[in-house]
Amino acid sequence: MVEKSDIKILVLDDEPFMLKLLSRMLTNLGFTQVQTCTGGTAALMEFDSPNTPPDLILLDLNMPGMDGIEFMRHLVGRHYTGSLILISGEDERVLQTAEKLVLAHKIPALGHLHKPVNPESLSALLNKWTPPSPAIALTSIKAYSADEVGEAIAKGELINYYQPKVAVTNGKVIGVESLVRWRHPQNGIVGPDHFIGVAEEYGLIDDLTRAVVKEAFAQTRIWQDCGLNLRVAINISMKNLALLEFADYITAAAANAGITPDSIVLEVTETQLMKDLSAPLEILTRLRLKRFGLSIDDFGTGHSSFSQLRDIPFNELKVDQGFVHNAANNSTLRAIYTVSLHVAKQLGMKTVAEGVADQADWDFLRNTGCDLAQGNFISEPLPGAEIPNWIRGWEADIEQLMQRSSSLEFMH
Ligand code: C2E
Ligand code: CA
Ligand code: CA
C-alpha cells in the first residue's frame, strides 16, 4: 500500500498564486512531497538531476515560453513513467484533446481540471493514481508475417466469433456480427487487428474473406435450422471489391449454403482511400439489388463518411464506437453521434450504435431513436455454438433491463 506521503508530486504553473493554492490543497489532502515550478525549463532541469522524478505532475497547459504540450513532449523524450493531471482555463474540448495527446504519448492521464480548481475534483483525480506498471507499455500490437498469415488461412486456423446486435426499443436479438479470430497454435486466440492489415497488404484478403464467408454462411444455416433467424453481418474489406467477380461469388456462396441474401449484411469500411471506385460501386450496387444488406462501418472515421453515403446504396449506418461510448457525458461525441443518426434517418437507413460498453451508454441510446445496439455491455463476441444459449439468458434478463431504462426515461 502506497501512502500519500510517499507520492512525489510536481506542480507546474506560471502563476505563483496558483502554485501556492495547489500546494496548500495537496498538503491538506495529505500529500507532503510537493514541489513547484513556474516554468518548463526549470522543471526539466529537475528531471536531468540525479533526484528521482515525480510520480505525478500537475501541469498547466497555458504557460508563456514552454507551454504544457511542449513540456509533455520533453517528458516523453525523458521516458517519464509517472502520471499527469492537466490544468487549464481553456474550454472542455481543448482539455479533452490535450488529454488524448497525453494518452497517445502513453503517459497515464488521470484527467483534467478546470481553473479555478476545486479541492473535491482534485482529490477525486488523485484517488485514481496507481504506481506505474512497466508491463503495460510493452504490449504493443504484434505483427505477423505474410507467410504466417497465409499459412493460418490455408490450415483453417481462422475462426469466426459473433457479437450480438439487439433492438434498442425492446432488446430483441436481431442479428450478429462475425468477427474473425486466429486460433494460433502457440499464442492462443489472436484478434483481427494483428493480421487483417497484413492480409490486405500482401494480397491475402480475398482468401481470408472467403474463409470467413464460408464459415459464417454455414453457421447462419445452422442457426436457421434450429429456428433462430439471425441477420449475420460480415466485414468486407474495400480490397475485396477490386474484382468484379466478388458479387457473383457472394451470391453463389449464399445459394450454396441455402440462405437468402436478406439474412446477410455486408459491413464495409474504407481503410485506405480508393482511387478507382468503379468496381466497388458496381459490386455493391449489384449486391444491394440482390437484397444483401449493406452497412457503412465505422461511420465518421477515416474515409467512411458523407461521400460514401452519396455514392453507395448503403441501407445501414454503424456509428463508430468512438462516438458512442461516453456520449452521455461528452457534448462533442453527442453532437457527432446525433448528426450521424439524423443523416441516416433522412436517407432511410437503419442505424447501429457500436461499442455500447456500459449501462450509461445503453441508457443514453434508449432516448435517441437508434435502431440497434452492439457492444460489450450487451455481449462480447462469442463462438457461434454459444450464441443460442446466450440468447436464452439475455431474453430472460431483458425485461429487467428495459424496466430500468424506462424508469430512467420517466425521470428525464
Ligand atoms: P469493427 O468491424 O468495428 O468491429 C468491432 C470491434 O469492436 C470488434 O473488435 C469488437 O470486439 C470490438 N468491440 C465490440 N464491443 C466493444 C465494446 O463495448 N468496447 C470496445 N472497446 N470494443 C468493442 P475486433 O473483433 O478486435 O475487430 C477489430 C476490427 O477488425 C473490426 O472492427 C473489423 O474492422 C476488423 N475485422 C474483424 N473481422 C474481420 C473480417 O472477417 N474481415 C475483415 N476484413 N475485417 C475484419
Ligand atoms: Ca464491422
Ligand atoms: Ca465498426
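When a ligand or atom number is given, it counts from 1 through the structure's own listing order. Bear in mind that the values here come from a model prediction, so they are computed numbers and not experimental data. All values below come from the heavy atoms of this structure, side chains included, with hydrogens, waters and symmetry mates left out.
Checked against a 6.0 Å centroid threshold, the rings of H74 and F47 do not count as neighbours. Aromatic pair F299/F323: ring centres not closer than 6.0 Å. If you look at Y162 and W390, their ring centroids are not closer than 6.0 Å.
For ligand 1, the polar-atom distance check against V180 finds a nitrogen or oxygen pair separated by under 3.5 Å. Of the N or O atoms in E267, none lie within a sub-3.5 Å distance of an N or O in ligand 1. Between D297 and ligand 1, an N or O atom pair is found at a separation short of 3.5 Å. Not one N or O of T269 is nearer than 3.5 Å to an N or O of ligand 1, by distance alone. Between S178 and ligand 1, a contact under 3.5 Å exists for no N or O pair. In terms of polar-atom proximity, E200 is not counted as a contact of ligand 1, lacking any N or O under 3.5 Å from an N or O of the ligand. The shortest N/O to N/O separation between N235 and ligand 1 falls below 3.5 Å.
For the residue pair D6 and Q33, no side-chain donor N or O sits within less than 3.5 Å of a side-chain acceptor on the partner.
A cation-pi geometry, defined here as NZ or CZ lying under 6.0 Å from the six-membered ring centre and within 45° of its normal, holds between R181 and Y161.
Counting heavy atoms closer than 4.0 Å to ligand 1, residue N160 contributes nothing at all. The proximity of T209 to ligand 1, defined as any non-hydrogen pair under 4.0 Å, does not occur for either the backbone or the side chain. In I196, the part holding a heavy atom less than 4.0 Å from any atom of ligand 1 is the side chain.
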Q: Decide yes or no on side chain to side chain contact (heavy atoms under 4.5 Å, CB included) for R288 and I312, but give the supporting numbers first.
A: CA-CA 10 Å; R288 186 72 202 112; I312 301 174; over 6 Å; no
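A side-chain contact (heavy atoms from CB on, under 4.5 Å) with L26 holds for exactly one of I9, I7, T36; it is I9.
For a distance bound of 3.0 Å, the N, O or S atoms of E354 include none lying that close to the Ca ion (ligand 2). Checking E177 against the Ca ion (ligand 2), an N/O/S atom falls under the 3.0 Å cut-off. Distance check for N235 against the Ca ion (ligand 2): an N/O/S atom falls below 3.0 Å.
Using a 4.0 Å cut-off between a side-chain N of Lys or Arg and a carboxylate O of Asp or Glu, D248 and R286 qualify as a salt bridge.
When the Ca ion (ligand 2) is compared with the N/O/S atoms of D297, atom OD2 turns out nearest. Nearest to the Ca ion (ligand 2), among the N, O or S atoms that E267 has, is OE1.
Classification of the F195-W182 ring pair by plane angle, with boundaries at 30° and 60°, yields perpendicular.
Within the 4.0 Å heavy-atom cutoff, P381 counts among the residues contacting ligand 1. Note on ligand 1: R181 sits in its first shell, one or more heavy atoms being nearer than 4.0 Å.
The CG atom of L95 sits 8.0 Å away from atom CD of E99, with the distance rounded to the nearest 0.5 Å.
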